[in-house]
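Order of the sequence lines fixes the chain letters, A, B, ..., with proteins taken first and strands second; residue numbering starts at 1 for each chain.
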Amino acid sequence: MVLRSGSHLIIAFTFFFFFSVLFALSTLGTETLLNLIAPSGIWVSLLISVLLTLNKIIHQEYENGSTDFYLLSDFPLEIILFLKTIIHWITVSLPMLLIMPFIMIALQIDLEKLLVLLTIVLIGSPALSFVGIMISCLTLSNNSSFLITTITIPFYFPTLLLGIYCTNNTDLDNMSLAYILLGLNTLFTITISPFISAYAVKLHYS
Amino acid sequence: MKDKIKDLQTLAIKKEKMTSINIGSLNCIIGNKTILSDVNFAANKSKIIVITGPNGIGKSTLLKTILGLLPILKGSITINDRDYTNDPESRKEKLNFIGHKNALNENFTIFENLRYWQNFFSSEKTDIYTLMDFWGLPNIKLSTCSEGQKKKTALARLSIIGRHIWLLDEPASNLDLLGQKKLVQIVKEHQIKGGISIISTHNPDLFKSKNVIELSNFAPKKKIYNV
């Protein structure tokens, strides 16, 4: 149903693909430069693609009145928002992960590192959805994409910096501090996001 | 076994008898502004309360306050003899609602929209196609429907969610004459089942209720400025 409801998912997916390819082309094939900036390219394009979809998830349902009915139901709003964020991650970030091997070829990333890189993005990317939905709920009264973007980006810094650091250092030990911090960052946002999001929605109504 | 069935029947009747809502000296506010003050009314089972008044008087605000979508600073709301004033979460679970927004997804068909809410509320398996037949709704994508058809879809959801107390905010808007008749029919059927309907409308005669509340009587007096 989610897939049917949004052309924004196609836009995000297409954006991710072309942004990454253009990123690779912009270095004119200079391998040294590409090796340096490729991980940043993957993370930045993933981040912007997720940002493109944020305005559609919570705001659309608030505007058509569905949120009123979520509040009427026996389900805790926290669980509803948690599930919505999981669906957002599955429909937005997961397809991008699937085409990431092809993007990595374009970015001339060593294919031996493929599995490690995918695991790093897999660990870090849920944080983007959970932070995004949280900010989306906090800005419920204002349907401005500009506002969501400007508030969300600073909250993406920890994920972005840790993600880029881990992607740049794939030869680190599996249990190195950077990997653990990236995992903890995701775990932290997954834990707090549904509660803050639900509180923000309820606060908006009161 | 027979005793058990009898007990269950007695419990069901008792439960139905209990259906009541009592609004006591309720003040309705939006932000810091008091829209209505000291609203009082009570409804027992099988009652239809019609709320009327000019545009902007606070009909929707009152219903949203009862529903728990707006805060209560003064007054009380009692449902089935239990005070729910400070417990909007539990209060919401007792009520069913139709507002100005239809809460429907434009990308889904009418059937899909109704099935979505049926699954979401895990309500009794009402046959959706029968409901659509009743309202004369075709199974088309909602984005291609007229405003009247969207309203009928939202009204069909009332029967899906069920619950004893219905809050209907201008339910007849955008409906054709046949749609209005069907609306009155479902409200009457709900009344026969022992349910309570609180309806805000500009056409109080439609529901032929003796319990009409004119909200102008509860609006704070406005200052008159001489220009």
### Query
Is the CZ atom of F155(A) crowded by more than 12 outside heavy atoms at less than 6.0 Å?
no
### Query
If you measure from OG on S66(A) to CZ on F120(B), what distance do you get to the nearest 0.5 Å?
9.0 Å
### Separation between CG of L71(A) and CG of L69(B), rounded to the nearest 0.5 Å
6.0 Å
### Task
Please check if atom CZ in F134(B) has more than 12 non-hydrogen atoms from other residues, nucleotides or ligands closer than 6.0 Å.
yes
### Query
Are there more than 12 heavy atoms of other residues, nucleotides or ligands under 6.0 Å from atom NZ of K64(B)?
no
## Note on the structure
Pair count under 4.5 Å, heavy atoms only, with chain A: among K94(B), R163(B), K92(B), H100(B), highest is K92(B)
### Task
Give a yes/no verdict on a cation-pi contact between K101(B) and F69(A), requiring under 6.0 Å between NZ or CZ and the six-membered ring centre and an angle within 45° of the axis.
no
### Task
Pick one of side chain, backbone, both or neither for L77(A), based on which atoms fall under 4.5 Å of a heavy atom in chain B.
neither
### Message
Would you say that more than 12 heavy atoms from the other residues, nucleotides or ligands in this model lie under 6.0 Å from the CG of L115(A), or not?
### Response
no
### Side chain / backbone / both / neither for R157(B) at chain A, heavy atoms under 4.5 Å
side chain
### Task
Check the surroundings of atom CZ in F41(B): do more than 12 heavy atoms from other residues, nucleotides or ligands lie under 6.0 Å from it?
yes
### Query
At a heavy-atom separation under 4.5 Å, does Y70(A) approach chain B through its side chain, its backbone, both, or neither?
both
### Query
Atom CG in N64(A), atom CG in N102(B): separation rounded to 0.5 Å?
9.0 Å
### Task
Can you establish whether the number of heavy atoms outside D127(B) located under 6.0 Å from its atom CG is more than 12?
yes
### Part of E106(B) within contact of chain A (heavy atom distance under 4.5 Å)
neither
#### Entry: Engaged part of I72(B) at the chain A interface, taking heavy atoms whose separation is under 4.5 Å
neither
### Query
What pair of heavy atoms forms the shortest contact from D74(A) to E93(B), and how long is it?
OD1-CG, 3.5 Å
### Message
Please classify the contact of L95(B) with chain A as side chain, backbone, both or neither, using a heavy-atom distance under 4.5 Å.
### Response
backbone
